[in-house]
Each structure stands twice: as structure tokens, then as C-alpha cells.
Amino acid sequence: MVYFRAMDYLNLLNPQQRQAVTAAPGQTLVLAGPGSGKTRVLTQRIAYLIQSMGVRPYNILAVTFTNKAAREMGERLDQLLGGARARGLWLGTFHAMCARILRTEANNPGLLPFQSNFVIFDADDQQNLVKRALRENNIDDKINKPSAIHARISEAKNNLVSPDDLPVRSYRDEIVVKAFKRYNELLQQNNAVDFDDLLLWVVRLFEEHPEITEKYARRFEYVLVDEFQDTNMVQYSLLKLISSYHHNIFVVGDEDQSIYRWRGADYRNMLRFEQDNPGCEKILLEQNYRSTQTVLDAARSVIDQNANRTPKSLFSDRGRGEKISLHEAVDDHAEAAYVVDTIQGLLRKGALGGDFAVMYRTNAQSRLLEEAFLRAGLAYRLVGAQRFYGRREVKDMIAFLRLVHNPDDEISLQRIIAVPPRSIGEKTVNALQFAAQKAGHSMGAMLLELAEKADESPVWKELGRGAGPIFDFAVLFSGWLKAKGELDLPALFDRIVTETDYKPYIDDGTDEGKDRWDNVEELRRLAFEYQNKGLVDFLENLALVSDQDTLPEQVNSPTLLTLHAAKGLEFPQVFIVGLDDGILPHSRSRDDPEEMAEERRLFYVGITRAKDHLYLVRAGLRSTYGNPEYQVASQFLDDIPEDLLVRSGGEVVGGPARLKSWDDTGEDDYSYGRRSSSHYSNSRSNDVSRSNSSSNDVSRSSVSRSSGSRSSNGWGKTSYDWSQPRTVHAASGRSTPPPPAPEPEQKFHDGQRVRHPSWGEGLVLSSRILDGEETLDVAFESVGIKRLIASLAKLEAIGN
DNA sequence: TTGGTCCATCTTTTT
DNA sequence: GATGGACCAA
């Protein structure tokens, strides 16, 4: 095997890239615009260090934000160097790196408030715990929403502020402090940490134990960081500490792509880095290798409206390319239909499914899109971990495993102690909890004692009538604990499923039941991949999977994802939907200029994902929750020069609000759309049944191992590929276009006025062909909006 | 204790 | 239009 020698690949870089890759030891700040070869620079820098500078991989640390990014870098390094050459390199996410450090250091007793087998609580568990903390303090969790309180706690942790240091200026602050303290105690009791703790405890450990800091800082001669604009206070401190011996730190970022402010990220860390390191070398990468100039011009026109940034002028030698399509659909259904129709049309002309991505601001927006894809019989892939891990059956199974891993995990125990139902109710659980509290043990420990001593244990009496069922469960539980040492992971998994009789509980014979069981099997398959690595690694990776990590790679289908999840990716053809005021920018950001700036950056990130063609889509009428509301076009659209755009749609209803002047006073005609929300969901009389939704909805997440990665030391390589979380015609990897349906004639068009025998006059909001029938959404003054089939409803056109 | 139904509430974005 | 909580009947 012959690998590139350093000089060979250096020649393939542009001067700025080369300058970055070969930068002298010390501090380097690379400002990398979108598509400027950031990952390339990072990986080649590592290769350069190893090959030309003689640095041992063992002495290099590379940190990313997602496992996917880490994996990609690992694969590229393998190509550059050959797997063996990179052995010993630490390459992984902030969180995984910290978990690793904590697992090691927690072996020294007394250093940390948890043991080495700690569990990582996910977002759900964290909220759960906050709720408990609130209730224990007799605080109403209706008024003080756990999510809001948790956000405050998380913010404090991200800023290295302890509960005692939190300023108390209001009653609300008092609540936060109380909850915060109890929350931390509960974590400790559960031998658990939250996401923020992973980082926080490492920083604390480093700050209080210089000798430990030195151990790591000496090792890491060179530290490299990706997506530096997304670091928060804790991460910044961590990097500072870990590079405090050799002071060689190389960071890459783009302040314009900072979109995690709400998570504590602060793009000003880029500035801070410069200030903290006066001698640092600063390199600007402006050449874009991804997009057409048209896309870049649009991106620039949007981002230039933001203040406080280093102005950049991205340029491309790819030529002007196609204009940007701006489509205004009548409503959100039509918006989804437009996207799918357009994609289908292009597929017929030979485009590949994988060329397309559809991006949106909120996850909720995916639903209509999914439905449209399903109706068209078109496969798609959906990015989002929650879709799978959020499912009850998956969470149940994980809870069983977590409990076996860490018997002190009461959140998991409470979740599954009565699952499937085994005559253990609230009273019994409370009795057990009370007994545990009194004895100073965890509930799990109580169970183990009970299993051993049965009715001779003091708990038995306290449990009263509940003792029997609890005892039975305790016996199961203690059996699993013993089995943990003997069985491998899949076998343990199977044993739990069998002994709890879990299958009949969730698989009730319905389609949904089958789906649920499929998910359990899916998780089992995943467990199978950890057969050798074991429970600890399995649980840790489950806790730290990101949405991006779930993006299936081999599938050649259009991708549906949030704008956040799109960062770091690129696609030939990109649709951004929901360009309406209140969606993008999101309504929650309206009052805060900083937040608005971030919304703008989010849009910028979306635009710059496009290589060839960008489609911007909005809807004049959109249902949030269930109420239809007129939409005003996003203000961001105003910033894109008209000559970059080709417009379509936008002729009817509510008007293109801000896009063209609309001198019509016709609003009154449609005012029912605003309030009479109830008409929407009720009265199904003539509704088109959503027939095929369950019959051919395969709803499965299948998992397959990615390339045979020669793992250096397991870092960031333990990843899975999720394919087609929801897919019809799963086999259509080639995305062969389905035969064009015979198009029936459309008798009505959008915006037309019609009369119905019983409902009177109405306005056609949209007309399209569904399942071979012309299907209309009509807004009636009398009954609100109805969906009708043209051939069945006795509709009469009024005028034209 | 269980499992059903009805109601309210909600939605950013995610390691 | 989904989810979780409260409430109620067996």
C-alpha cells in the first residue's frame, strides 16, 4: 500500500489551506467559511503532524461535536495514513471524551461524587429528575415547568455556576436554586450525571487537581477543535486546561454558523481565543468548493445583515449556476406537495434521490412532508434520534439494562418496576421508596436484599400486600444482576425480554403492536453489535447519540432534517421550507436581537448546504397545533436580491403578504380561517380518509454496521448507521420513479370560488391529485375548511 | 391496581 | 394532533 506523502497532498491545497495545515506549533485560529474545506484542513493537519512533524498519534487530541464528524475524520485519516498510523489518537466528541476521562478518574475513591459505572441521564430523565426535585420541595410543577427550570440549571452548569453562586433576585430564582440543589443530590443518589455534568466535572477535577490536569495536558501535545464557534464556557475552559502544558491548540470555526446559543454556545469564544492568545496565527478560508456563486451571493446577502462579525467574501469558481427557486404555496399541504412533486419530476429526469434534502426549522414540520412522501410512494430518510429512542418500548428496554448496569438508578427502576403490569402500584412503590430512604439505601439495593432474605427481610412487612409482587420482581432483578457477569449483552437482553414476558405486553397483534416489537428487535440488533464491547459502552453510546449520527449513509433517498441537523452536510439540491414569519425566524426569537441574529445564521447554514440548486418554500396558510393561520413571509426573504430568484406560486389566498403589494381587500372573505378552528378537526363527513397510513407504512429503523473501521481505541468509531426510519418501498434504493399515475383532469384550480349544495359558497384553497382523484381543500364560510373529492362532491364552479 | 377515556397543553433547535 | 396527566370504573 502506498499512501500520500506529505508533500503530495499539500500540493492539492489552496494557499490558505496549506498555511493552516502547516501552521507552526502554537495557537492557530482558522476562520472557515462554509464549504471551504474545513474538515479537509483538520484531517490533513493531523496527517501533517504525524508524517512531517513526527508527532506520535498518541499525543494528539481532536475534538468534535458529533460522533458523525468524528467518524468522518477518522475515515479520512485512515485513507491518508492507513489505519495503523493513526493508532492511539484521541478523536471524539467533547462529551465522549469527558465520559472517558470520568470513568477512568472515578476509580480513585473520593475524587468524584459518583462511581465509575455512572449512567448518563438523557433529556427525559433529566426533566423527570427536576420534576421530582420540585415536588419534594412542594413546588408546583404546573406553574414552574420542569423544562424551564432545567434550562436554568443547565445554563448555570454551562457557565460553571454552582447553585450557591446563583443570584437570587426573585421568588423564581429561589425556586431554581432549591430545585438545582436537590437535582444535583438526586443525580448523585442515582449514581448518574447529566450532559452538562460530563463537561463540568472534568473541569472541576482539573481545576482542583493540577496533577491530573498535568497528566492529560502533558500527553496532548497537540489539540485540535472542530466547530469552535459552538463551544460554551465549560468547553472553552476545558480546552484551555487540556492544552495548558504544550499550548499547541488549533481551532477551526465560523462565527456565522454558530447556531447553539441556547445551549450555551458563544461564538465570541472565537474572539476570546484571539485575545487570550495574542500570538495566535489567524487564517481565513474564503474559497468555497461547494456551491454556485448564486447560492453564495444569496447566503451573503442574508448574513451581511448581521452585525459584529468578520466580513467575509466567499467566492466560488463553479460559475453562477441556476437561479434560486422561491415558491409560495397556498397552504402547508400544498407546500409539502410542491416539494414532493418537484423532486419526483427531477427524479424522472434522472436525478438521484440522495441529491435532495428538505430542511425545516422545527421537527413538527416533518409530518406533512412525510405524509406527502408516503402518498407519492417515494422513499425518504429522516434524521432524528428521538424517533427511535423516544419510543416507549425502546426506553423501557434501555431502562432495564441501565438498572442492571447501575442498580442505584431509580429513574430507570421507577420506569420499569411495573412494566409490564405486575400488580405493583403507586402505593407499593412508595412503600418501597420509603423503606429504602429509612434504611439509607437505594430502592435497587432494597430489592436485592429482599430477593435474598424474602420474608425474613425487614422490608417485607413494610410492603404489606405489595410484598409478594415486589418480591417476585426482586428475584428477577437479582437474577439479571448475576447474569450480567455470565451472559453477553444480547443474551442478557433476551433473558430480560423473556422473563418479563415483554413481547405480548407491547405486541398486541395490531400493526402498531408489531411496529413496537420491531423496535425492540431493532434495539436487540444494536445490542448484538456490542456483544464484545459490553453493556457500559452500549449504554454510553445510546446516551450520546446525536441526531446527525442517525443519518443513514448508504441510502439513496431524499433526506428530511432540521436546519440544525443540516450543519456540516451538503446536498446538490436543497429545499428550505417554512419561510414564514414565526417559523423562520421562530416566534420565540422575535424579541431578542441576539436570537434573531441566530435565526439568520440558521437560515445561512441552510442556504450554504446547497451545491447546485436552492429552493425556498413558504405557505400562505399554515396549521400550527391544529388551527390554520395566515402566514406572513419571512423577513429574511427580503434580503435576497430579486435577480437571484425565480418565483412561482403565490397567486391566492391571504396574499403573498410581503412579497408583492397586494391591494386586495378580500381578507374579509376568508376571515373564518382565523377563528373557527373547531371546524377543522370535527365533522369528517366528506373527509378523504387517510387510508394507506398504516398499511404500507413500514416504520422501522434498521441498523447496520458501517464500514469495517479499524478502531484506534474505540473513540468515536462506535457508531451506527440508521437506515430509513420510515420508508415505503424500502427496496427502491435506486429510487426508480414510480410509473406516472394517469393524471385525471383537474376541474378546479386554487383560488376558485365554488358552491356546495349544503355548505354554500367557498374558496378552493388547493386542488391536487391524490390517489388518482382530484382532491380539494375548500374553505367554506359556513363550516370552515373541508377536504373533498371533486368527482363525489356536487361542487359547482362560480365564475372562473 | 389497572386500563380506559377525556382533557389540556403544547413546539424551537440537541450533546 | 400527539402526548401526558387526571380521573373513573372494574
Side-chain angles (χ1 to χ4, degrees), chain A residues 63-70 92-99 120-124 126-128 131 141-142 145-148 150-151 154 157-158 193-200 227 230-232 234-235 258-265 359-368 371 383-386 389-392 418-429 465-466 469 505 508 540-550 561-567 578 582-590 595 598-599 601-603 605-606 623-627 677 680-682 690:
Chain A
V63 195
T64 64
F65 273 83
T66 65
N67 293 307
K68 183 178 193 297
T93 66
F94 273 104
H95 290 86
M97 166 181 93
C98 288
I120 302 166
F121 273 3
D122 66 20
D124 255 20
Q126 292 170 30
Q127 275 210 34
N128 227 311
K131 194 184 277 179
D141 59 353
K142 279 267 138 54
K145 286 191 305 175
S147 57
H150 183 259
S154 177
K157 286 189 174 183
N158 283 328
V193 298
D194 62 19
F195 293 137
D196 305 317
D197 281 345
L198 285 172
L199 308 165
L200 184 63
E227 307 277 17
D230 283 332
T231 51
N232 61 28
V234 192
Q235 285 156 342
S258 168
I259 53 175
Y260 287 107
R261 197 181 103 93
W262 46 276
R263 213 165 72 188
M359 301 172 188
Y360 36 81
R361 177 66 238 268
T362 68
N363 281 306
Q365 289 171 263
S366 75
R367 215 193 73 246
L368 285 177
E371 284 173 10
V383 179
Q386 272 324 91
Y389 292 111
R391 293 207 141 82
R392 179 175 49 127
V419 170
R422 49 174 73 89
S423 301
I424 297 173
E426 205 193 335
K427 275 179 79 176
T428 314
V429 174
R465 260 192 313 284
Y505 165 63
D508 54 6
E540 182 161 311
N541 278 281
L542 289 184
L544 297 178
V545 275
S546 72
D547 273 1
Q548 276 211 347
D549 300 329
T550 69
L561 73 181
T562 62
L563 288 162
H564 281 90
K567 194 170 68 159
I583 307 266
L584 184 65
H586 195 273
S587 52
R588 309 267 284 224
S589 308
R590 198 167 287 154
E595 300 254 303
E598 178 143 319
E599 296 289 311
R601 291 193 293 268
L602 196 51
F603 186 35
V605 166
S623 297
T624 34
Y625 299 126
N627 316 353
S677 57
Y680 245 81
S681 40
N682 300 335
R690 290 163 171 52

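Only a predicted model underlies this, so the values are computations on that prediction, with no experimental measurement involved. In what follows, every chain begins at residue 1, and chains take the letters A, B, ... in the order their sequences are listed.
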Starting from [atom2] on [N], measure out to [atom1] on [X] and report it in whole angstrom.
| X | N | atom1 | atom2 | value |
| --- | --- | --- | --- | --- |
| A:Asn627 | C:dG1 | CG | C1' | 11 Å |
| A:Ile120 | B:dT15 | CD1 | P | 13 Å |
| A:Leu198 | B:dT14 | CG | P | 19 Å |
| A:Arg391 | C:dA2 | CZ | P | 12 Å |
| A:Glu540 | B:dT15 | CD | P | 15 Å |
| A:Glu227 | B:dT13 | CD | P | 20 Å |
| A:His150 | B:dT14 | NE2 | C1' | 12 Å |
| A:Arg392 | C:dG4 | CZ | P | 10 Å |

I'd like to know if the side chain of [X] reaches the main chain of [Y], judged simply by a donor and an acceptor atom lying under 3.5 Å from each other, with no hydrogens or angles considered.
| X | Y | value |
| --- | --- | --- |
| A:Glu227 | A:Thr64 | no |
| A:Glu598 | A:Arg261 | yes |
| A:Asn67 | A:Thr93 | no |

The contact string for nucleotides 2-12 of chain B, one letter per nucleotide 5' to 3', using protein heavy atoms under 4.0 Å with B, S and - for base, sugar-phosphate only and none, comes out as SS------BBB
Item to complete: Write down the distance separating the P atoms in B:dT13 and C:dG4, rounded off to the nearest Å.
Response: 16 Å
Should [X] be listed as having a side-chain N or O under 4.0 Å from OP1 or OP2 of [N]?
| X | N | result |
| --- | --- | --- |
| A:Thr428 | B:dT1 | yes |
| A:Thr562 | B:dT14 | yes |
| A:Lys567 | B:dT15 | no |

> How are the rings of A:Phe195 and A:His95 set to each other: parallel, tilted or perpendicular (split at 30° and 60°)?
Replying inline: perpendicular
The residue among A:His150, A:Lys157, A:Gln126 that forms side-chain hydrogen bond (donor to acceptor under 3.5 Å, both in side chains) with A:Asp194 is A:Lys157
Only one of A:Val383, A:Leu602, A:Thr362, A:Val605 passes side chain to side chain contact (heavy atoms under 4.5 Å, CB included) with A:His564, and that residue is A:Leu602
Heavy-atom nearest pair, A:Leu199 first then A:Cys98, reads CD2-SG, 3.5 Å
